[in-house]
Amino acid sequence: METYVAALDQGTTSSRAILFSRTGETAGMAQHPFRQIYPRPGWVEHDPMEIWATEKQALAEAAEAAAPGQIAALGITNQRETAILWERATGRPVYNAIVWQCRRTAAICDRLKARGLEETVAERTGLLIDAYFSGTKIKWMLDTVPGLRGRAERGELCFGTVDSWLIWNLTGGRVHVTDYSNASRTMLFNIHTLEWDQELCAALDIPLSLLPEPRPNSETYGTVAEGIPGLEALAGVPICGSAGDQAAALFGQACFAPGQAKNTYGTGCFTLMNIGETPARSQAGLVTSVGWSVKGKTAYALEGSVFNAGSAIQWLRDELGLIGSAPECDRLAESIDSSGGVYVVPAFTGLGAPYWDMYARGTIVGLTRGTTKAHIARAVLDSIAFQVTDLIRVMEEVRPLTELRVDGGASVSDLLMQTQADLLGLPVDRPVQVETTAFGAAALAGLAAGVWRDFDELERLRRSQRVFRPHREGAECAGEYRQWRRAVERSRGWIENEL
Ligand code: ADP
């Protein structure tokens with residue numbers, strides 16, 4: 001009888017569930033989008049009940065591919081940092097989920113910086129002080145929503161990132177836990193001791209009673225409760241793997257050895273490198289989080305992100321109307337040999353690591369009378385590869401890389417992958433199984449449930465679809481990269497006087 005492992009992949013715009021076979025193939029899948037709530041400019045919320053309802057429905061539908069008893073384990077991966085508060089007694093949320101993208105706590109972050117907390121936060125949590133992370137979102141709810149602080153102090157409320165919220169609901173309110181990778185994104189978690197940091201919780205006025213128990217990423221947290229409408233057939237299935245989406249993708253790409261790295265080419269890009277059992281810090285504004293802790297061994301990950309990558313292709317399509325679809329960007333770009341000296345810096349919302357310049361704005365340089373839309377399309381694809389190269393160059397100051405494993409919507413572009421290999425001077429490896437995030441969650445759960453024995457077995461399940469090897473001369477690429485850096489300089493500090 002075939003055995004399956006189910007993964008919940010709770011993303012920013014949709015809830016998905018995927019069933020994986022023992023050989024790592026996709027056996028069933030369902031997906032449901034849910035509402036994005038924008039109460040004010042810069043604010044982003046989700047309805048936690050909608051997150052649970054759509055995820056439950058996706059799981060019920062995906063599970064239809066299996067007969068009763070065939071699902072051996074359930075793993076969870078999720079949009080990170082998004083903060084939810086609910087009543088311990090009833091499981092009712094007391095406010096909407098404040099989403100990772102939400103900037104409402106920027107002023108709280110400025111005050112924390114003014115108090116000189118940056119070094120403590122970096123040293124203990126591996127993070128920067130930013131509205132992105134959950135800690136200030138919790139503080140905002142407790143400070144702003146009438147009655148919440150008192151209730152939190154009386155122990156009546158629970159906090160969770162989305163993994164906690166799903167595990168709580170799946171276990172019928174019996175289990176209040178989070179995993180180390182998700183805890184790492186709260187700005188409250190000491191990544192050295194793997195415990196909540198009491199001093200930081202105090203600095204943010206967050207009562208410890210609110211927080212879930214932090215747990216390793218691959219062990220049984222609880223089982224699916226009886227009587228959850230739609231999930232009756234899954235009652236008793238162990239929930240035994242959990243990791244935030246980027247950590248899960250690193251695991252799903254089998255980057256088990258220090259120095260192995262993956263990049264996800266989506267709306268933005270996320271590059272993560274396994275740096276082994278010591279949480280090294282980068283001086284260039286990369287963050288350090290727990291990747292996973294499995295069977296007593298913790299792997300840390302260095303992470304950098306690019307704010308605008310695939311979104312620049314969407315911009316060509318939706319705002320400029322230069323292309324009708326994303327694949328057309330490839331076809332146009334492939335119709336010429338190079339961007340003809342044109343550079344696009346898609347700093348639409350400023351620049352992240354290693355520049356950290358919120359005053360940067362998008363720039364196109366090198367236009368001539370002969371520039372065509374093909375040159376612009378090619379320069380946009382190049383800009384994605386250049387930005388990832390920027391990140392990897394600073395990562396390599398911590399540890400050199402031997403190859404880059406890739407996934408995400410824009411990794412289907414052969415030209416982009418080839419350009420990336422040329423710029424890095426490293427092989428770029430695209431796997432057959434593109435659902436690396438969900439597979440990572442399934443792999444963590446399947447390891448705990450004994451479906452897979454060890455990392456070696458998981459490693460063998462990952463098969464390359466294509467490996468792009470560097471073709472072009474290093475000197476030629478180095479010249480282009482220098483020009484890219486000049487273009488970036490032109491985009492920097494652009495709106496300094498207007499903010
Ligand atoms: P996210 O999860 O961030 O929403 P996805 O991983 O689904 O993103 O990737 C979507 C991105 O992939 C889009 O921004 C789109 O521009 C890009 N994309 C999709 N198909 C292609 C293609 N053929 N060539 C280049 N980019 C593509």
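None of these values were measured; they are calculated from a predicted model.
Classified by interplanar angle (parallel below 30°, tilted 30° to 60°, perpendicular above 60°), the ring pair Tyr481/Phe386 is tilted.
A side chain to side chain contact (heavy atoms under 4.5 Å, CB included) with Pro431 is found for exactly one of Gln253, Gln465, Arg463, Arg466, namely Gln253. Of the residues listed (Ile76, Asp163, Asn78, Ile18), the one engaging Leu8 in a side chain to side chain contact (heavy atoms under 4.5 Å, CB included) is Ile76, and it is the only one. Results of the side chain to side chain donor-acceptor pair (under 3.5 Å) test with Glu61 over His32, Gln31, Lys56 single out His32 as the only residue that passes. Checked options Arg185, Lys262, Arg80; the residue passing with Asp245 is Arg80 (criterion: salt bridge (charged side-chain N to carboxylate O under 4.0 Å, His left out)). Of the candidates Ile84, Asp179, Thr178, Ser164 forms a side chain to side chain contact (heavy atoms under 4.5 Å, CB included) with just one, namely Thr178.
For the salt bridge (charged side-chain N to carboxylate O under 4.0 Å, His left out) test, residues two or more places apart in sequence or in another chain that qualify with Arg281 are Glu119.
Side-chain contact of Thr26 with Gln433: a donor-acceptor pair under 3.5 Å is present, judged by distance alone. Counting only N and O atoms by type, the side chains of Gln420 and Thr389 include a donor and acceptor under 3.5 Å apart. For the 3.5 Å distance criterion, the side chains of Trp484 and Asp382 fail to qualify, holding no donor opposite an acceptor.
With hydrogens and angles disregarded, a donor-acceptor distance shorter than 3.5 Å links the side chain of Gln70 to the backbone of Glu2.
Side-chain contact between Ile239 and Val224: present, with at least one pair of heavy atoms (C-beta onward) separated by less than 4.5 Å. Side-chain contact between Leu234 and Leu74 is absent, with no heavy atoms from C-beta onward closer than 4.5 Å. A heavy-atom distance below 4.5 Å is not found between the side chains of Glu480 and Ser339. Counting heavy atoms from C-beta on, the side chains of Ser383 and Tyr343 never come closer than 4.5 Å. Side-chain contact between Phe189 and Leu194: present, with at least one pair of heavy atoms (C-beta onward) separated by less than 4.5 Å. No side-chain heavy atom of Thr419 sits less than 4.5 Å from a side-chain heavy atom of Ile384. Here the side chains of Met395 and Leu401 are not in contact, with every heavy-atom distance at 4.5 Å or above. Between Thr402 and Leu426, every side-chain heavy-atom pair lies at or beyond the 4.5 Å cut-off.
By the neighbour-count criterion of 12 heavy atoms within 6.0 Å, atom CZ of Arg472 is densely surrounded, having more than that number from other residues, nucleotides or ligands. Within a 6.0 Å sphere centred on NZ of Lys295, other residues, nucleotides and ligands contribute more than 12 heavy atoms.
Counting only residues at least two apart or on different chains, the ring-ring contact (aromatic ring centres under 6.0 Å, His included) pairs with a member in residues 234-269 are Phe251-Phe256, Phe251-Trp292, Phe251-Phe455, Phe256-Phe455.
Salt-bridge annotation for Asp130 and Arg103: present, with a side-chain N of the basic residue lying under 4.0 Å from a carboxylate O of the acidic one. Salt bridge present: Asp414 and Arg430 bring a charged side-chain N and a carboxylate O closer than 4.0 Å. Between Asp337 and Arg378 there is no salt bridge, since no side-chain N of the basic residue sits under 4.0 Å from a carboxylate O of the acidic one.
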Test side chain to side chain contact (heavy atoms under 4.5 Å, CB included) applied to Leu351 and Trp356, step by step: CA-CA 5 Å; Leu351 289 166; Trp356 292 111; over 6 Å; no
Determine whether Ser464 and Asp429 satisfy the following criterion, side-chain hydrogen bond (donor to acceptor under 3.5 Å, both in side chains), listing intermediate values before the conclusion. CA-CA 6 Å; Ser464 300; Asp429 181 327; 2.8 Å; yes
Please step through side-chain hydrogen bond (donor to acceptor under 3.5 Å, both in side chains) for the pair Asp407 and Thr264, ending with a clear verdict. CA-CA 5 Å; Asp407 51 45; Thr264 301; 2.5 Å; yes
